[in-house]
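One structure below.
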Amino acid sequence: MGKIGLIIQREYLTRVKKKSFLLMTILGPLLLAGVVALVAYLGFQDDKEYDILVVDDSGGAFSSLEGGDNYTFHFIDGLGIEEAKDSFKDSEYSVILHLPDGILAQKRPILYFKEQPSMSVEKSIEARIENLVEREKLKLYDISYADYKRIKTEFSLTMIKFTESGEEETVTREKALVGFFFGLAVYLFIFLYGVQVMRGVIEEKNNRIVEVIISSVKPFQLMMGKIVGIALVGLTQFVLWIVLSFTFITVTQQVLFQDKMESIAQQQVQKSTEISKQTAPKQMQADVDFSDLTNPNHIVNRINWPLMLSLFLFYFIGGYLLYSALFAAIGSAVDNDTDTQQFMLPVTAPLIVAYFIAFTLMENPESDAAFWASLIPFTSPIIMIERVAIGLSPNEYWELGLSMVLLVLGFIFTTWLAGKIYRTGVLMYGKKVNYKELWKWIRYHD
């Protein structure tokens, strides 16, 4: 085993044997499973009942308004909104629904509450009011509801990309979200393990351990060994997080929520009420059930997972190596974490810019910013993986290839640059370094 291999082994084994590594490797998935369980538990709490006092200024047009599964409408004849609000605080009602006169002329209903209802309750109330308003307007124009339903048409656009080669590809926004989360994972891991490289260099420099190591290996070999070793630690932890998170979440679901989820699934099948049919657009009704992973149209089954995972691995490693070399250079140039602040912004700024471009990419995947950011090595680890998730046409594959080549060249360049700084800075103590000094180190020739 060569010297770099020995350093990689040392860095890897030293970190994976630490109690903090084992603790975070187990606690991370446990925390994720706990959060998922908590959200699911709170979401399943359907015993919250809302007594809603309806103040109808329209003269009884909404007297047929019916409540839902966990809310009930109460009507009091002749009650005005001011009187209702005066007695609201000490009343048994948790919500006041005010239906003002002129609601048919687009005047909006108002909901007063002591505790804010859930979004599902809010949307359900809106749908029921909308249905009644729709029926009242039909009466006004002497149109039967049956005729109206026969001619009413709801539609949504199906987005199909037509490539220069003549191929067609369906584009959906959900794929952009999947790509965004892959890019976010790359962003977080680069920061997390890049900073570990920097702090490891500072620690060894301050402990003077580096002086002993440098007597046996070249500074460049030490830097590369540290970078690759910590990268392997990151990959190990990432794989364990995926496996343990999936295991913990599956066990939590089966043990705590199996009966509840089966009950809810049955309710969802049986709950095709007239209200939902009348008010929901056809596209919404045709949407895939997101709990049914066996459906071939489910977003999970429309993602090319082998490609996405392979690219995630490549861009994580490439982006990490590119940035960790710069983090190692920063660590070698300073004596403590405080002194790193002046150098951190130029290094991390491209990552932050890429994070914000990733947001705009979901809205406009064909923008010039998305194109250039997917090629520039400092931003491509986040942006290109999102573009691939959305879908690249065959005539755009050259962009993916170019992006990967540029990332490799970018890593080679930053490693060369960091090596010039590292070999001088790692043995320098007690001196405040500025950009002018770094430039001298870079220009220095053996």
Exercise. According to the interplanar angle, ranging from 0 to 90°, do the rings of Phe189 and Phe316 count as parallel (below 30°), tilted (30 to 60°) or perpendicular (above 60°)?
Worked result: perpendicular
Problem set entry | Trace of the salt bridge (Lys or Arg N to Asp or Glu O under 4.0 Å) decision for Glu82 with Lys85 | CA-CA 5 Å; Glu82 294 303 325; Lys85 287 196 291 185; 3.7 Å; yes
Problem set entry | Heavy-atom pair with the smallest gap, counting every atom of Ala418 and Leu326 | CB-N, 4.3 Å
Exercise. Could you give the distance from CG (Asn364) to CD1 (Ile357), rounded to the nearest 0.5 Å?
Worked result: 12.0 Å
For this session: Say whether, by atom type as modelled, one donor and one acceptor occur between the side chain of Glu49 and the main chain of Thr72 under 3.5 angstrom.
Result: no
For this session: Test Phe343 against every option in Thr348, Ile421, Ile330 by the side chain to side chain contact (heavy atoms under 4.5 Å, CB included) rule and name the one that passes.
Result: Ile330
Exercise. Is there side-chain contact between Val95 and Ile125, with at least one heavy-atom pair below 4.5 Å?
Worked result: no
For this session: Taking all heavy atoms of Phe371 and all of Arg387, pick out the closest pair and write down the distance.
Result: CA-NH1, 4.0 Å
Exercise. What's the spacing between Lys114 NZ and Ser91 OG if we round to 0.5 Å?
Worked result: 4.0 Å
Seminar exercise, completed: When rounded to the nearest 0.5 Å, the distance separating CD1 of Ile81 from CG of Leu97 is 9.0 Å
Problem set entry | For Thr236, all residues meeting side chain to side chain donor-acceptor pair (under 3.5 Å), sequence neighbours excluded | Tyr12
Exercise. What pair of heavy atoms forms the shortest contact from Ala328 to Ile227, and how long is it?
Worked result: CB-CD1, 4.5 Å
For this session: Could you label the plane-to-plane angle of the Phe327 and Tyr323 rings as parallel, tilted or perpendicular, counting under 30° as parallel and over 60° as perpendicular?
Result: tilted
Problem set entry | Under the side chain to side chain donor-acceptor pair (under 3.5 Å) test, residues paired with Tyr315 that sit two or more places apart | Ser403
Problem set entry | Heavy-atom pair of closest approach, residues Leu322 and Pro377 | CD1-CB, 3.7 Å
Problem set entry | Residues which pass ring-ring contact (aromatic ring centres under 6.0 Å, His included) with Phe191, listed by chain and number, not counting sequence neighbours | Tyr187
Exercise. Is the shortest heavy-atom distance from the side chain of Phe314 to the side chain of Leu407 under 4.5 Å?
Worked result: yes
Exercise. Which pair of heavy atoms, one from Ser63 and one from Asp56, lies closest together, and at what distance?
Worked result: N-OD2, 4.2 Å
For this session: Output the distance between atom OG (Ser374) and atom CG (Leu406), rounded to the nearest 0.5 Å.
Result: 10.0 Å
Exercise. Is there a side-chain contact between Ile202 and Val334, using heavy atoms and a 4.5 Å cut-off?
Worked result: yes
Problem set entry | For Ala84 against Val55, the heavy-atom pair lying closest together | CB-CG2, 3.8 Å
Exercise. Is any side-chain heavy atom of His98 closer than 4.5 Å to a side-chain heavy atom of Asp57?
Worked result: yes
Exercise. How long is the span from the CD atom in Glu66 to the CG atom in Asn131, to the nearest 0.5 Å?
Worked result: 10.0 Å
For this session: Measure the spacing between OG1 of Thr414 and CZ of Phe378 and express it to the nearest 0.5 Å.
Result: 6.0 Å
For this session: Could you tell me whether the side chain of Ser324 reaches within less than 4.5 Å of the side chain of Ile230, counting heavy atoms only?
Result: no
Exercise. Could you walk me through whether Arg199 and Glu203 pass the salt bridge (Lys or Arg N to Asp or Glu O under 4.0 Å) check?
Worked result: CA-CA 6 Å; Arg199 288 179 176 167; Glu203 182 181 352; over 6 Å; no
For this session: Return yes if some donor-acceptor pair links the side-chain N/O of Ser332 with the main-chain N/O of Ala329 below 3.5 Å, else return no.
Result: yes
Exercise. Would you call the rings of Tyr193 and Tyr320 parallel, tilted or perpendicular if under 30° counts as parallel and over 60° as perpendicular?
Worked result: perpendicular
